[in-house]
Q: 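Okay, here's the structure, questions in a sec.
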Amino acid sequence: MLTVLQALESQLHAAMERAFPEAAAEAAAAGRRLDPQLGPATKPEFGDVQANGALPLAKPLQQKPRAIADAIVAQLQQDPAFTALCLEPEIAGPGFINLTIRPERLTAEIAARLGDPRLGVPSVADPSGAAAASAQEPPAPVIVDFSSPNIAKEMHVGHLRSTIIGDSLARVLELRGHPVLRLNHVGDWGTQFGMLITHLKQVAPEALTTADAVDLGDLVAFYRQAKARFDEDEAFQTTSREEVVKLQSGDPVSLRAWGLLCDQSRREFQAIYDRLDIRLSERGESFYNPFLPAVVADLESAGLLVTDDGAGCVFLEGVSGKDGKPLPVIVQKRDGGFNYATTDLAAIRYRFGQSPAGDGARRVIYVTDAGQAAHFAGVFQVARRAGWIPDGARLEHVPFGLVQGEDGKKLKTRAGDTVRLRDLLDEAVERAEADLRRRLEEEGRNEDEAFIQHVATTVGLAAVKYADLSTNRITNYQFSFDRMLALTGNTAPYLLYAVVRIAGIARKGGELDAAASAASSADGLQFSEPQEWTLVRELLKFDAVIAEVEEELLPNRLCSYLFELSQVFNRFYDQVPVLKAPPELRASRLALCRLTADTLRLGLGLLGIPTLERM
RNA sequence: GCGCUUGUAGCUCAGCGGAUUAGAGCAUCUGACUACGGAUCAGAGGGUCGGGAGUUCGAAUCUCUCCAGGCGCGCCA
């Protein structure tokens with residue numbers, strides 16, 4: 001429907017210019033153009049699309065808005081392309097123009113999608129249409145920076161949202177044809193390693209020379225001890241700092257110890273990523289180590305660097321601190337060392353930089369918690385002023401809120417510890433399994449163990465992902481196993497069930513593919529019931545939803561759409577027979593089922609959720 | 001103190017400057033199984049959109065102010 005909407009937009013715009021040339025000229029002189037204010041109809045009885053552009057013209061033109069709408073409609077009806085696309089427009093209320101797409105055009109759109117594995121979503125890598133036939137460059141990479149756990153720590157609930165949201169955004173961008181670099185900016189460098197290595201040398205030296213001498217849980221405990229000592233013991237602090245210097249200057253013993261710790265953590269992370277079906281390229285903070293001096297040198301030569309209290313700072317414009325003075329971003333500590341702001345700046349510089357000393361990206365997206373908003377705002381400003389962000393390139397922080405328990409407080413275990421991601425996923429799957437076994441019992445069904453494990457794993461993990469993605473990411477997120485695993489409502493199980501119902505139709509003899517190709521080949525599609533038309537219109541929204549998520553980076557918009565689609569399908573399924581439909585209608589209905597299943601599969605896939613045939 | 005962010009139905013949340021009645025889901029209540037899995041569907045009740053002011057033809061949406069919660073605030077990441 002995106003192409004239809006674009007056509008409508010230009011037809012409306014042209015009609016407005018013809019109806020009110022003087023207003024158009026005036027707008028053009030002001031560097032604007034007349035805006036038809038096209039949008040989806042707010043209610044079904046208003047048609048498919050509404051144009052509100054007449055109302056803002058009322059004042060400057062000194063005319064009644066309805067008269068303006070009349071004039072626009074009169075021009076529209078002179079346009080054969082428009083009359084071929086829409087039924088007669090209606091003017092409602094103060095001057096809204098309601099448009100209804102001709103049913104045969106909707107049917108044609110459905111037919112086109114039945115043969116299109118992309119379901120109407122255009123690809124930037126392969127734009128269709130002759131207009132784009134000029135010599136093209138391959139699209140520039142988009143970087144999604146997400147997950148980013150710390151070495152020598154376990155992944156915990158704090159990494160859940162970044163990992164799930166980042167993966168989903170990456171999948172949407174990939175579908176749109178962007179080359180996506182999924183970067184795992186792991187915390188593998190800095191002061192914490194000095195602490196840890198110093199502590200381990202004293203209490204568990206074997207961990208620094210032998211792979212897997214201690215397990216990750218112990219490592220986490222050692223890390224906590226090291227942190228505690230660092231905060232109290234001055235001598236320990238000094239030794240730790242010296243250790244960092246050794247590491248950063250390439251001391252072989254320190255480097256080997258560091259490498260062992262990283263390997264061990266990496267394997268643990270990978271186990272989680274495998275479970276969640278998440279692909280990531282590790283490029284930790286250490287990667288940018290060689291570029292740090294150049295960052296400071298660049299800032300110096302750009303005249304941005306100021307030495308304050310011994311530290312290398314860039315003072316921010318428009319951001320002041322407690323005393324009313326501008327707030328600095330510190331890029332070089334008093335002791336000469338670099339910190340995370342320096343690393344983040346080096347990363348930005350590298351990511352927008354041209355190959356071979358850069359990624360050549362045009363859009364860089366950071367998926368981190370909202371608490372880092374101020375940090376990123378500062379770092380982004382410095383990068384912009386340093387001239388590292390090319391014209392037209394986008395640098396975006398995609399913030400998300402805290403994970404809270406059902407008590408509204410930060411999610412913790414009963415003992416008060418942070419919740420390990422592994423345990424959280426385990427519990428979701430266990431609960432899904434218990435629920436499945438109970439229902440099998442109740443319904444007297446007999447399924448083998450492989451089926452039970454497969455369904456429980458799929459449903460449990462889907463529930464965790466969907467619950468997270470379906471709420472607006474900016475607000476805090478209240479985590480509840482009971483809610484996410486509920487079989488009714490806006491949950492993963494409800495959506496998966498809709499797919500299962502369609503699979504059931506296929507099993508009972510509905511040859512979906514055959515029907516789809518038969519229906520799409522000619523004028524084979526025929527719809528009569530209102531539930532069919534509602535489903536048709538819902539199915540055709542998919543491409544616009546994807547475009548919106550690509551732009552706004554809000555996966556909950558996709559979730560809302562998929563839920564709505566499932567509801568519309570369930571109404572159709574409830575009220576319109578498919579397999580027992582009259583022969584002349586059967587293929588069309590099967591085709592709708594096929595397209596619904598395809599849309600749900602593709603859409604859920606973009607959320608990182610696989611579907612089931614039976615559950 | 002400053003900054004960012006949130007406040008919408010009993011609960012969890014959508015809501016993209018526009019249409020009498022601000023939407024879902026859960027929960028509550030009432031209906032529907034000789035059609036493809038009832039894990040469904042149809043319907044009902046439930047709201048001074050935190051308070052106040054402003055801009056506009058029109059504000060949950062934009063601006064200001066106040067109240068309440070969350071998060072952050074120079075050498076950790």
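Labels below follow one simple rule: chain letters A, B, ... track the order of the sequence lines, proteins then strands, and each chain is numbered from 1. Below, all heavy atoms of this structure are taken into account, side chains as well, without hydrogens, waters or symmetry copies.
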Q: Residues from residues 479-495 of chain A sitting under 4.0 Å of RNA chain B, heavy atoms only?
A: Arg483(A), Leu487(A), Thr488(A), Gly489(A), Asn490(A), Tyr494(A)
Q: Write out all pairs satisfying salt bridge (Lys or Arg N to Asp or Glu O under 4.0 Å) with one or both partners inside residues 475-497 of chain A, taking only residues at least two apart or from two chains.
A: Arg431(A)-Asp482(A)
Q: Ignoring backbone atoms, establish whether Lys59(A) has a side-chain N or O less than 4.0 Å from OP1 or OP2 of U56(B).
A: no
Q: What residues from residues 571-590 of chain A pass a heavy-atom cutoff of under 4.0 Å to RNA chain B?
A: Arg571(A), Tyr573(A), Asp574(A), Gln575(A), Val576(A), Pro577(A), Val578(A), Leu579(A), Lys580(A)
Q: Do you know the tightest heavy-atom contact between Arg66(A) and Ile91(A)?
A: NH2-O, 3.2 Å
Q: Does this structure show an ion pair linking Asp369(A) with Arg161(A), if we count only N-O contacts that are shorter than 4.0 Å?
A: no
Q: Kindly give the atom pairs (protein nitrogen or oxygen, nucleotide nitrogen or oxygen) under 3.5 Å for nucleotides 15-21 of chain B.
A:
{"from": "G15(B)", "atom 1": "OP1", "to": "Arg557(A)", "atom 2": "NE", "distance (Å)": "3.1"}
{"from": "G15(B)", "atom 1": "OP1", "to": "Arg557(A)", "atom 2": "NH2", "distance (Å)": "3.3"}
{"from": "G18(B)", "atom 1": "N7", "to": "Gln37(A)", "atom 2": "OE1", "distance (Å)": "3.4"}
{"from": "A19(B)", "atom 1": "N7", "to": "Gln50(A)", "atom 2": "OE1", "distance (Å)": "3.1"}
{"from": "A19(B)", "atom 1": "N6", "to": "Gln50(A)", "atom 2": "OE1", "distance (Å)": "3.0"}
{"from": "A19(B)", "atom 1": "N6", "to": "Asn98(A)", "atom 2": "OD1", "distance (Å)": "2.0"}
{"from": "A19(B)", "atom 1": "N6", "to": "Asn98(A)", "atom 2": "ND2", "distance (Å)": "3.2"}
{"from": "A19(B)", "atom 1": "N1", "to": "Asn98(A)", "atom 2": "OD1", "distance (Å)": "3.3"}
{"from": "A19(B)", "atom 1": "N1", "to": "Asn98(A)", "atom 2": "ND2", "distance (Å)": "2.9"}

Q: For the P atoms, the ones on U5(B) and on C62(B), what distance do you get once it is rounded to whole angstrom?
A: 11 Å
Q: What residues, two or more places apart in sequence or in another chain, satisfy side-chain contact (heavy atoms from CB on, under 4.5 Å) together with Glu317(A)?
A: Gln381(A), Arg385(A)
Q: Does Lys541(A) come within less than 4.0 Å of Glu564(A), counting only side-chain N to carboxylate O?
A: no
Q: Report the residues that fulfil ring pair (Phe, Tyr, Trp, His ring centres under 6.0 Å) with Phe400(A), sequence neighbours left out, ordered by chain and then residue number.
A: none
Q: Given that both pair distances must be under 3.5 Å and the pair must be Watson-Crick or G-U, what runs of three or more consecutive pairs involve RNA chain B?
A: B:1-7 with B:67-73, B:10-13 with B:23-26, B:28-32 with B:40-44, B:50-54 with B:62-66
Q: Which whole number of Å gives the distance between the P atom of G15(B) and that of U6(B)?
A: 11 Å
Q: Which nucleotide wins on minimum distance to the side chain of Tyr497(A), given the candidates G25(B), A39(B), U6(B)?
A: A39(B)
Q: At under 4.0 Å between heavy atoms, which parts of nucleotides 69-77 of chain B does protein reach? Answer with one letter per nucleotide, 5' to 3': B base, S sugar-phosphate only, - none.
A: -SSS-BBSB
Q: State which residues pass side-chain contact (heavy atoms from CB on, under 4.5 Å) with Tyr340(A); sequence neighbours excluded, sorted by chain then number.
A: Asp344(A), His375(A)
Q: What's Val331(A) touching, base or sugar-phosphate or nothing? Going by heavy atoms closer than 4.0 Å.
A: nothing
Q: Compare all side-chain heavy atoms of Ile151(A) with those of Ser265(A) and state whether any distance is below 4.5 angstrom.
A: yes
Q: Quick check: on RNA chain B, is the nucleotide nearest Val319(A) upstream (toward 5') of the one nearest Arg501(A), or the reverse? Name the residue that is more 5'.
A: Val319(A)
Q: Test of understanding: with salt bridge (charged side-chain N to carboxylate O under 4.0 Å, His left out), list the residues that count as partners of Glu442(A), not counting sequence neighbours.
A: Arg438(A)
Q: In whole angstrom, give me the gap between the C1' atoms of C29(B) and C66(B).
A: 41 Å
Q: Check side-chain contact (heavy atoms from CB on, under 4.5 Å) between Glu443(A) and all other residues, then give those that pass, not counting sequence neighbours.
A: Arg439(A), Arg445(A)
Q: Distances under 3.5 Å only, N/O to N/O: pair up the protein atoms with those of nucleotides 59-64 of chain B.
A:
none

